[in-house]
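Here is the structure we will look at, set down as structure tokens.
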Amino acid sequence: MDFYRDMGYTALCVGKRDLAGSTMFLLEETRKRGLRPLSSNLRYKGKAVFEPYGIFDVNGTKVGVLAVTSPGLSRRTRADGVEVLDPSARLKSLVPELKNRVDVIVLLSNLGEFEDRKLASTVDGIDVIVGSGPGGQRYQPLKIGRTYLLRGHPKGKSVGKVVVKLNSEGGIQGLNNELHQLKARLPVDEAATCKIKKLKQKYLGNRSGVQGSPKK
């Protein structure tokens, strides 16, 4: 999580795998680190515990950022009381509401490229979709109607930069997309490596599922 904070992330889309450690754990950890997790279609024990969207001022332009979570949750996550509402229905309700308050609408999607294409065709008013989930990376944006689709490499293997050009009426005139793949020549983060090693020992060390006594 410290990596995301240090990178200056403004908002995070809650993905289905982010809930593996429980919903309350995710809420507590993101709040500790000053991060803002978003999901417009996630419910925990019948309540919306994440904000559906955020509004940000970017150099005088009001940007609305929505997020949708994939319904493909694990059985364990569902048993914890997590429910995912239909993404399309939620967006059709929220986008018109947000459109009156912002200049540009960005959707962070965990659905995968196939579903993102459907949203671009069926939900009017989304300017940019930044997608994750099933699908390959996209070095150049795909435009469907008035919506631009962007995708990075899976598992955080790249960092994207998008420069959006607005016309005199505040709409998108065009955008430039840069996708920088992270390669092995980057220095190793020893602190992160140590954390990963400890987590693997904790959660993968006993694959039999039998709880043993902790070593002293």
Side-chain angles (χ1 to χ4, degrees), residues 9-19 23 26-27 30 35-58 61-74 77-78 80-136 138 140-152 160 162 164-167 169-175 177:
Y9 278 59
T10 302
L12 303 175
C13 173
V14 178
K16 59 182 181 180
R17 294 183 179 177
D18 296 328
L19 302 167
T23 301
L26 179 62
L27 275 170
T30 50
L35 301 173
R36 192 170 179 179
L38 303 176
S39 179
S40 63
N41 64 325
L42 200 64
R43 296 292 181 271
Y44 178 63
K45 297 184 178 179
K47 298 181 180 179
V49 293
F50 297 102
E51 294 178 272
Y53 58 76
I55 298 177
F56 307 93
D57 188 296
V58 182
T61 299
K62 288 187 178 181
V63 179
V65 180
L66 288 147
V68 285
T69 304
S70 169
L73 301 179
S74 68
T77 303
R78 292 183 184 278
D80 187 44
V82 179
E83 177 189 9
V84 179
L85 305 181
D86 178 67
S88 179
R90 289 293 294 147
L91 290 174
K92 286 179 180 179
S93 172
L94 291 170
V95 169
E97 170 189 325
L98 193 57
K99 195 71 175 175
N100 294 326
R101 303 174 60 188
V102 301
D103 303 304
V104 176
I105 292 180
V106 176
L107 172 66
L108 307 179
S109 169
N110 178 235
L111 305 181
E113 183 168 5
F114 179 76
E115 294 298 327
D116 289 344
R117 287 175 179 242
K118 287 171 58 177
L119 289 179
S121 300
T122 58
V123 181
D124 185 46
I126 301 173
D127 296 300
V128 179
I129 297 178
V130 181
S132 64
R138 185 174 293 284
Q140 295 299 324
L142 170 67
K143 191 175 183 182
I144 298 178
R146 297 176 60 186
T147 304
Y148 292 89
L149 271 65
L150 305 172
R151 291 181 59 84
V162 181
V164 179
K165 299 178 181 179
L166 303 179
N167 57 33
E169 298 177 352
I172 293 184
Q173 179 177 332
L175 55 79
N177 180 50

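We number each residue from 1, following the sequence as shown.
Atoms CG and OH, from L27 and Y44 in turn, are 9.0 Å apart once rounded to the nearest 0.5 Å. To the nearest 0.5 Å, atoms CD1 (I129) and CG (L150) are separated by 9.5 Å. Here the NZ-CD distance, from K45 to E83, works out to 14.0 Å after rounding to the nearest 0.5 Å. How far OG of S40 is from CG of L91: 5.0 Å, rounded to the nearest 0.5 Å. Atom CG of residue D18 and atom CG of residue L26 lie 6.0 Å apart, to the nearest 0.5 angstrom. Considering CZ of R17 and OG of S132, their distance stands at 10.0 Å, rounded to 0.5 Å.
Under the side chain to side chain donor-acceptor pair (under 3.5 Å) criterion, S109 pairs with D116, not counting sequence neighbours. For T69, the side chain to side chain donor-acceptor pair (under 3.5 Å) partners at least two apart in sequence or on another chain are S39. Applying the side chain to side chain contact (heavy atoms under 4.5 Å, CB included) test to A67 and every residue at least two apart in sequence or in another chain returns C13, L38, L108. Residues meeting the side chain to side chain contact (heavy atoms under 4.5 Å, CB included) test with K62, sequence neighbours left out: V102, D103. The side chain to side chain donor-acceptor pair (under 3.5 Å) check on T77 picks up S74, with sequence neighbours excluded. Applying the side chain to side chain donor-acceptor pair (under 3.5 Å) criterion to R43, with sequence neighbours excluded, gives no partner residue.
In this structure, the side chain of S121 engages the main chain of R117 through a donor-acceptor pair within 3.5 Å. For the pair N110 (side chain) and G15 (backbone), a donor-acceptor distance under 3.5 Å is absent.
Looking only at side-chain heavy atoms (C-beta outward), P141 and L149 stay at 4.5 Å or farther from each other. Residues V65 and F56 have side chains in contact (heavy-atom distance under 4.5 Å, counting atoms from C-beta outward). In this structure the side chain of L42 reaches within 4.5 angstrom of the side chain of V82, judged on heavy atoms. The side-chain heavy atoms of V95 and I126, taken from C-beta on, include a pair separated by under 4.5 Å. Under the 4.5 Å side-chain criterion, counting only non-hydrogen atoms from C-beta, N100 is not in contact with L98. Looking only at side-chain heavy atoms (C-beta outward), L107 and V128 stay at 4.5 Å or farther from each other.
Other residues, nucleotides and ligands contribute only 12 or fewer heavy atoms inside 6.0 Å of the CZ atom of R146.
Within the structure, salt bridge (Lys or Arg N to Asp or Glu O under 4.0 Å) pairs that include any residue of residues 85-98 do not occur (at least two apart or interchain). Within the structure, every pair that satisfies the salt bridge (Lys or Arg N to Asp or Glu O under 4.0 Å) test and touches residues 118-127, not counting sequence neighbours, is listed here: K99-D127, E115-K118.
The two residues L111 and S70 come nearest to each other via the heavy atoms CD2-CA, 3.6 Å.
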